[in-house]
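Before any comments, here is the structure.
Quick caveat: nothing in here was measured; it's all calculated off a predicted structure.
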Protein chains: 2
Amino acid sequence: MKHLPHKTIERLSQYRRALLICHETGKSHIYSHEIANIQHITAVQVRRDLMLIGYTGTLRKGYNVKELIDLIGSIIDSDEGIHVAIIGMGNLGRALINYFDGKRSKLNIVAGFDTNPDKIGNTMSGVPCYANEDLEKIIREKDIKIGILTVPADHAIESAELLVKAGVKGILNYTPKPINVPNDVYLEEYDMITTLEKVAFFVKLQEMVK
Amino acid sequence: MKHLPHKTIERLSQYRRALLICHETGKSHIYSHEIANIQHITAVQVRRDLMLIGYTGTLRKGYNVKELIDLIGSIIDSDEGIHVAIIGMGNLGRALINYFDGKRSKLNIVAGFDTNPDKIGNTMSGVPCYANEDLEKIIREKDIKIGILTVPADHAIESAELLVKAGVKGILNYTPKPINVPNDVYLEEYDMITTLEKVAFFVKLQEMVK
DNA sequence: TTCACAATGTTAATTTTTTCACAAAAAAAC
DNA sequence: GTTTTTTTGTGAAAAAATTAACATTGTGAA
Ligand SMILES: NC(=O)c1ccc[n+]([C@@H]2O[C@H](COP(=O)([O-])OP(=O)(O)OC[C@H]3O[C@@H](n4cnc5c(N)ncnc54)[C@H](O)[C@@H]3O)[C@@H](O)[C@H]2O)c1
Ligand SMILES: NC(=O)c1ccc[n+]([C@@H]2O[C@H](COP(=O)([O-])OP(=O)(O)OC[C@H]3O[C@@H](n4cnc5c(N)ncnc54)[C@H](O)[C@@H]3O)[C@@H](O)[C@H]2O)c1
């Protein structure tokens, strides 16, 4: 296995999510077309992705759910797990902490940061909130590799700079303000408005065709 | 202009977001490479997208910010605007309402739905919360075209069915439970864990190379 | 006034991603 | 025991998306 396409990585994560649900329900094997239906893609696409990671199913029985979950884990997870921080413990930050809580054993949100004195020192869903002044120290101490930005847009850039300076290697930016990072920091940006506008566009398109 | 690629639609939305910021700061023209830098893509990509929507800039002056904002609006927005509902007024639902509030004049969240009696009848950031029982009635009355799912994952499927039955034409699913919709309903699903896992994967990859 | 530059617009090439098509083989049916 | 069915795995083709290359031209410098 040499290079996995970005899209494949995303799908592997999604496959695993679906597989975990299957596993809970006691299903031991699954066909490529079943996975495909769940994800709204084609069975060939699924088989191609699994081919890329070198997994081989059983003819006519499909894929072993448990095995596949573990294999995907061995590819996308870090063995030792990875520590994550949230910058901005507001509505979205707290919602995320709540949501992630315990969902993936290898992804742990271990610190939150804020500038609001009322929040600093508190704990939310088990995650301690620190002051921005201690960010660099805590990030290094706790070996945090990824920062999730949920500060007000006006503070996105300075927060990103803080994170980079502290040595973070990945940033997930949920503010609507695009940021810049050095080459060795992996950046992903997501704006919910973009997604909603896309949905709205295709709804409009469909109305027009009709 | 015939078919706009999905990716182009997303980028147009992002370009507009960047352009709106420029417009506020009083900048009247912008070069393709400036837009490209903001979005972390290439200038050719920007020019190609604008070519697809038939917009022509001024040689050596770049693109007229205001004009381009309006043109993108004329393509991705519906003239009359589009009404949106949130199903599940919990952490994420409320955060979204708060966030969208007034951001895009053509995209209005006009109703929220919940099953919790304490929430029903209240208003959050100007959005009234209704009971699920009234969903179909309200959706039709208010001509709501898009539903955003932020209910607990266990209730995603039933909520989606409710929305479809009520005649919604687009669904944006933020729960981690994949849903199915008829062909004439446009569906977009997004799971933050997938994005975070992707970031984590590339961080891991970079560590390994080093 | 001419020249060099800097930016757009677009055709062609390349790369990436997806789909097609089908061989192989295990299981089921007969 | 043979045939049919079903599902995997993959080379080849197609489609989609991106990038390269470059002609064009307005602008300002010389
Ligand atoms: N709410 C949403 O659904 C949503 C969706 C998409 C994007 N966003 C974006 O996410 C960000 C947060 O949204 P929210 O609704 O949680 O806002 P919020 O105001 O509730 O939370 C922001 C938090 O960041 C803190 N903060 C401010 N400056 C800071 C700094 N320099 N360093 C650290 N913390 C700081 C504030 O004290 C506050 O606790 C915004 O940029 C918003 O545009 C929100
Ligand atoms: N919190 C996040 O950051 C986050 C991120 C990604 C995805 N999600 C997903 O979004 C969903 C909501 O997350 P949350 O943190 O807001 O949860 P939450 O528990 O705070 O909110 C859920 C809300 O839905 C309401 N509800 C329950 N059943 C309902 C039904 N059948 N119809 C209408 N409303 C109903 C509840 O009363 C509650 O108000 C979950 O599926 C979660 O997995 C959350």
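The separation between A:His29 atom NE2 and C:dA27 atom P is 11 Å, rounded to whole Å. As a whole-Å value, the separation of B:Ile41 CD1 from D:dT18 P is 8 Å. For the pair B:Leu50 CG and C:dT10 P, the interatomic distance rounds to 11 Å; values are reported in whole Å. Spacing between atom CG of B:Leu52 and atom P of C:dT10 amounts to 10 Å, rounded to whole angstrom units. Between B:Ile9 atom CD1 and D:dA16 atom C1' the separation is 15 Å, expressed in whole Å. Here D:dT25 presents its P atom at 9 Å from CG of B:Leu59, a figure rounded to the nearest Å. We find that NE2 of A:His33 is positioned 18 Å from C1' of C:dT19, with the value rounded to whole Å. In this entry the distance linking NE2 of A:His40 with P of C:dT18 reads 16 Å, nearest Å.
Take the nearest nucleotide of DNA chain D for B:Lys61 and for B:Val44: the residue whose nucleotide is more 5' is B:Val44. Between A:Arg11 and B:Tyr55, the residue anchored closer to the 5' end of DNA chain C is B:Tyr55, taking for each the nucleotide with the nearest heavy atom.
OP1 and OP2 of C:dG9 both lie 4.0 Å or more from every side-chain N or O belonging to B:Arg47. A sub-4.0 Å separation between OP1 or OP2 of C:dG9 and a side-chain N or O of B:Thr56 is present. Look at A:Tyr31 and you won't find any side-chain N or O under 4.0 angstrom from OP1 or OP2 of D:dG9. In this model, the phosphate group of C:dT18 is not approached by any side-chain N or O of A:Thr42 to a distance below 4.0 Å at OP1 or OP2.
Here B:Thr8 lies out of heavy-atom contact (under 4.0 Å) with every strand.
Between B:Glu136 and B:Arg140 there is a salt bridge, with a side-chain nitrogen of the basic residue lying less than 4.0 Å from a carboxylate oxygen of the acidic one.
Among A:Ile157, A:Val151, A:Asp154, the one residue that satisfies the side chain to side chain contact (heavy atoms under 4.5 Å, CB included) test with A:Thr175 is A:Val151.
Checking B:Lys145 against B:Tyr186 by side-chain atom types alone, no donor-acceptor pair falls below 3.5 Å. Donor-acceptor pairing under 3.5 Å is lacking for the side chains of B:Tyr174 and B:Glu189.
For A:Tyr63, the side-chain atoms get nearest to D:dG9 when compared with the rest of C:dA21, D:dA21, D:dG9. Of the candidate nucleotides D:dT18, C:dT10, C:dT18, C:dT10 has the atom nearest to the side chain of B:Met51. Of all nucleotides listed (C:dA7, C:dA26, C:dC20), C:dA26 comes nearest to the side chain of A:Arg60.
For A:Arg48 and C:dT19, a side-chain-to-base donor-acceptor distance below 3.5 Å is present, hydrogens and geometry of angles not being considered.
Aromatic rings from A:Tyr190 and B:Tyr190 are positioned such that their centres are separated by under 6.0 Å.
Judged by Watson-Crick or G-U wobble contacts below 3.5 Å, the nucleotide D:dT2 has C:dA29 as its partner.
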